There are 2 protein chains.
Amino acid sequence: MSLRHAILVLLQDQEASGYDLAREFANSIGLVWNATHQQIYLELGKLSEQDMVRYRHVPQEGKPDKKLYSLTDAGRAELVRWLKKPAGPARIRDAFMVKVAGGALADTQVLLSELDTLAKQRRERLATFEALAQRLDESGRDENVYNYLTVRRGILDQRAWLQWAEEVRHSLEHRSADSTAS
Amino acid sequence: MSLRHAILVLLQDQEASGYDLAREFANSIGLVWNATHQQIYLELGKLSEQDMVRYRHVPQEGKPDKKLYSLTDAGRAELVRWLKKPAGPARIRDAFMVKVAGGALADTQVLLSELDTLAKQRRERLATFEALAQRLDESGRDENVYNYLTVRRGILDQRAWLQWAEEVRHSLEHRSADSTAS
DNA sequence: AAGTGCTGCGCAATCCGTTGTATACGCACT
DNA sequence: AGTGCGTATACAACGGATTGCGCAGCACTT
């Protein structure tokens, strides 16, 4: 249960609305921890009840009003406390990998086309991250170490996945050629 | 909601007890989809109510009795059906990565020691997977494609993570040397 | 003799997360 | 004029997942 801590981390740098956070969870941090907007608004509600964050109402023109949240001292303290104790193991739910494992019963063509779709997404992300890494590298290095390392993780992860995808394509195309021939 | 499908995939090859499945979820498949024994037993219960799996009671000596589950035709049909429709995006919850992102507030030494612990686990897994890959490679290649690809994913993933860990160590040790000196 | 760990199954409570629905306005496209 | 998209927040219902607890016997260590 540390969606709350992920939110606190994001609010550490800058104040943000629930909507802003949702976007960040869809991009950068999303590779590491995902959450939908409903979860985020709910958690922000709890956090502000517990005085870990505060918000100020910001009226806008042409757009709905928003609430900009920021950390309180209690929130920062909670974050520091959490950072000290060991993190639990990472958890993943990768349905596509489950499919590959059960591939013997699957239609190879279906798997291949899904692989393509996913590979495309990964390539896009990779490009985004590489651009981001370069920007971070140029403007101040040491100040952004933690952001930089996070982005690097994203890059290495995408590359590893894409390399694996190549192997899969090779194996499956080989297979489908066999079965087409027979 | 496809813990059920992960279970069906595992039962595709061989009959297994809930306990066996739990072990597999802690090892091989665990990298891709995780589940605890309570979840597994619960899901096996539902699956057998819905006639997707059947079980036979196997008394044992010196050990508790067990139930060996296997797929029914309905279960196999459900699996095939599921394999056809596109998988949702992968979801992850990696608390350690959240910590790195929030590293500015963290104690560098704590992060480094946690990194070591995780790296050790990853190295062990990597060794296990590499051994497994070699065995699969030797005994029949094409029959085990899907297992082989799954294991390959594990290998590439561990390697990417370990490479990243090197970068992190480098950056953080540099940092801690700075702060010690100042 | 007591503690620890492995094999094996399971219930109950609670919490987390997903999905569906709702509201509200402006802008762009068709 | 209608449809869809982006900004912005939020509730309700359901189902999935975690945590805590419990039982039971054998093997091995301390």
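Protein chains get the first letters and strands the later ones, always in sequence-line order, with residue 1 at the start of each. From a predicted model like this one, the values you see are computed outputs, not experimental measurements.
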Using ring-ring contact (aromatic ring centres under 6.0 Å, His included) as the criterion, list what pairs up with [X], not counting sequence neighbours.
X: B:Phe25; result: none
X: B:Phe96; result: none
X: A:Tyr19; result: none

Exercise. Measure the spacing between CG of A:Leu126 and CZ of A:Arg122 and express it to the nearest 0.5 Å.
Key: 10.5 Å
Quiz item: Heavy atom of residues 53-61 of chain A under 4.0 Å from DNA chain C: which residues?
Solution: none
Quiz item: Among residues 14-24 of chain B, which residues get a heavy atom nearer than 4.0 Å to DNA chain C?
Solution: B:Ser17, B:Gly18, B:Tyr19
Looking at [X], I'd like to know whether one of its side-chain N or O atoms comes within less than 4.0 Å of OP1 or OP2 on [N].
X: A:Arg91; N: D:dT18; answer: yes
X: A:Gln38; N: C:dT18; answer: no
X: B:Lys46; N: D:dG15; answer: no
X: B:Tyr41; N: C:dG10; answer: no

Considering only distance and modelled atom types, tabulate donor-acceptor pairs under 3.5 Å from the side chains of residues 133-140 of chain B, sequence neighbours left out.
from: B:Asp137; atom 1: OD1; to: B:Arg141; atom 2: NH1; distance (Å): 2.9
from: B:Ser139; atom 1: OG; to: B:Arg135; atom 2: O; distance (Å): 3.1

Quiz item: Bend across the helix from C:dA1-D:dT30 to C:dT30-D:dA1, to 10°, with axes taken over 5 pairs at each end?
Solution: 30°
Quiz item: For A:Asp51, what residues pass the salt bridge (Lys or Arg N to Asp or Glu O under 4.0 Å) criterion, not counting sequence neighbours?
Solution: none
Self-check item: With sequence neighbours excluded, residues passing salt bridge (Lys or Arg N to Asp or Glu O under 4.0 Å) with B:Arg93
Solution: none
Quiz item: Quick one: side-chain hydrogen bond (donor to acceptor under 3.5 Å, both in side chains) partners of B:Gln121, sequence neighbours excluded?
Solution: none
Cut-off 3.5 Å, no hydrogens considered: what does the side-chain donor-acceptor table look like for residues 57-66 of chain B, sequence neighbours left out?
from: B:Gln60; atom 1: NE2; to: B:Pro64; atom 2: O; distance (Å): 2.7
from: B:Asp65; atom 1: OD1; to: B:Gln60; atom 2: N; distance (Å): 3.3

Quiz item: With nearest nucleotides of DNA chain C determined for A:Leu42 and B:Asp65 from heavy-atom distances, which residue corresponds to the more 5′ nucleotide?
Solution: B:Asp65
Practice problem: Considering only Ile, Leu, Val, Met, Phe, Trp and Tyr, and joining two whenever side-chain heavy atoms are under 4.5 Å apart, list the other residues clustered with B:Leu42. | Solution: none
